Amino acid sequence: MSKLELAQVEVAPDKLHPGDLVDTGTTGTHITHPDGSVVEPLHGGGESIFPPFDFDAFPSHLFWLAISFGILFFFVNRVIMPKVGGILEDRRDRIASDLGEASRLSRETDEVIAAYERELSEARQRAYAIAHERREEIKAEQARQQAETEAALGKRIAEAEAEIAARRDAALADVNTIASGAAQAIVQKLSGVAITPEDAGAAVSQAEGARA
């Protein structure tokens, strides 16, 4: 091994002893000597093996892998999982709260709809009752007005009939008077005998009775 290669491992050549293992980092592990005259690769050649594929390093790799896994498991179990669990718990509580709020709003909406339908039904019933009452009032008013009209017409008809009867009687009385006068005049002109109005009226009445 050259001094340059020994310098890469930061070990002074005078501190080395025959048989010491030195890892150069580039050429693998060597057995060297302080004078630098003896340089023997540990695996018998100048070619180094990639550390992950070195079977001799597997126990160390497994050890550090177990340590790393343990640290990672501890970190995840003590730090990450509690935070994730807290987040999931908060989200579950929030979802449960939202579902409860949605259920409450749904119940309130159903109650409002039921109250609206109930009030609408009551309003319809009141409207029907008012319309029926108004219709009955109109019918009663029409019946009353009709009765009043019929009564007024009956009264006017009776008055008209009475007036007609009175005028007829008056006309008949005038006719008898005129007939009596005419009978007096005819008898006096034909016979030259004057008769009294009573005799003339009696004669006219007798003639009407005979005609009837």
Side-chain angles (χ1 to χ4, degrees), residues 1-140:
M1 172 179 281
S2 65
K3 293 182 179 179
L4 178 60
E5 291 174 336
L6 293 175
Q8 292 176 349
V9 298
E10 297 180 355
V11 177
D14 56 352
K15 301 295 182 182
L16 297 176
H17 300 85
D20 290 343
L21 298 179
V22 177
D23 188 356
T24 64
T26 57
T27 59
T29 304
H30 294 69
I31 301 174
T32 185
H33 190 273
D35 61 3
S37 59
V38 180
V39 178
E40 296 179 0
L42 182 62
H43 299 290
E47 296 182 356
S48 63
I49 301 175
F50 187 59
F53 299 113
D54 188 356
F55 291 101
D56 293 334
F58 274 10
S60 177
H61 293 166
L62 293 176
F63 173 75
W64 287 110
L65 179 62
I67 295 297
S68 300
F69 180 78
I71 293 173
L72 180 62
F73 178 78
F74 179 80
F75 179 74
V76 171
N77 189 37
R78 294 300 180 89
V79 178
I80 302 299
M81 290 304 294
K83 291 183 179 179
V84 173
I87 293 172
L88 293 177
E89 186 70 20
D90 293 341
R91 183 165 297 180
R92 183 167 55 251
D93 294 341
R94 186 177 302 172
I95 291 173
S97 177
D98 292 342
L99 290 176
E101 184 67 14
S103 178
R104 185 183 65 80
L105 293 176
S106 177
R107 289 194 301 271
E108 290 180 356
T109 302
D110 294 338
E111 291 176 357
V112 170
I113 292 174
Y116 169 75
E117 292 180 351
R118 184 170 56 254
E119 291 181 357
L120 181 61
S121 177
E122 292 176 355
R124 287 177 178 172
Q125 293 178 358
R126 287 196 298 270
Y128 291 153
I130 292 172
H132 178 72
E133 182 180 359
R134 185 59 180 167
R135 185 166 54 252
E136 295 297 327
E137 290 177 358
I138 292 173
K139 288 183 178 179

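Numbers here are sequence positions counted from 1. Model, not experiment: these values are computed from the prediction.
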K.L.:
Could you work out, with side chain to side chain contact (heavy atoms under 4.5 Å, CB included) as the rule, every residue matching Arg107, not counting sequence neighbours?
P.N.:
Ser103, Arg104
K.L.:
Could you measure the distance from the CD1 atom of Ile113 to the CG atom of Leu120? Nearest 0.5 Å is fine.
P.N.:
13.0 Å
K.L.:
Whether the side chain of Ser97 engages the backbone of Asp93 through a donor-acceptor N/O pair (distance < 3.5 Å, no angle test) should be reported.
P.N.:
no
K.L.:
What residues, two or more places apart in sequence or in another chain, satisfy side-chain hydrogen bond (donor to acceptor under 3.5 Å, both in side chains) together with Arg135?
P.N.:
His132
K.L.:
Taking side-chain hydrogen bond (donor to acceptor under 3.5 Å, both in side chains) as the definition, give me every residue that meets it alongside Arg91, ordered by chain and number, with sequence neighbours left out.
P.N.:
none
K.L.:
So, taking the atom named CD1 in Ile95 and the one named CG in Asp90, what distance separates them when rounded to the nearest 0.5 Å?
P.N.:
11.0 Å
K.L.:
So, using side chain to side chain contact (heavy atoms under 4.5 Å, CB included) as the criterion, who are the partners of Gln125 when residues are at least two apart?
P.N.:
Ser121
K.L.:
Not counting sequence neighbours, list each pair that qualifies as a salt bridge (charged side-chain N to carboxylate O under 4.0 Å, His left out) and has a residue in residues 109-127.
P.N.:
none
K.L.:
Quick one: ring pair (Phe, Tyr, Trp, His ring centres under 6.0 Å) pairs with a partner in residues 62-91, sequence neighbours left out?
P.N.:
none
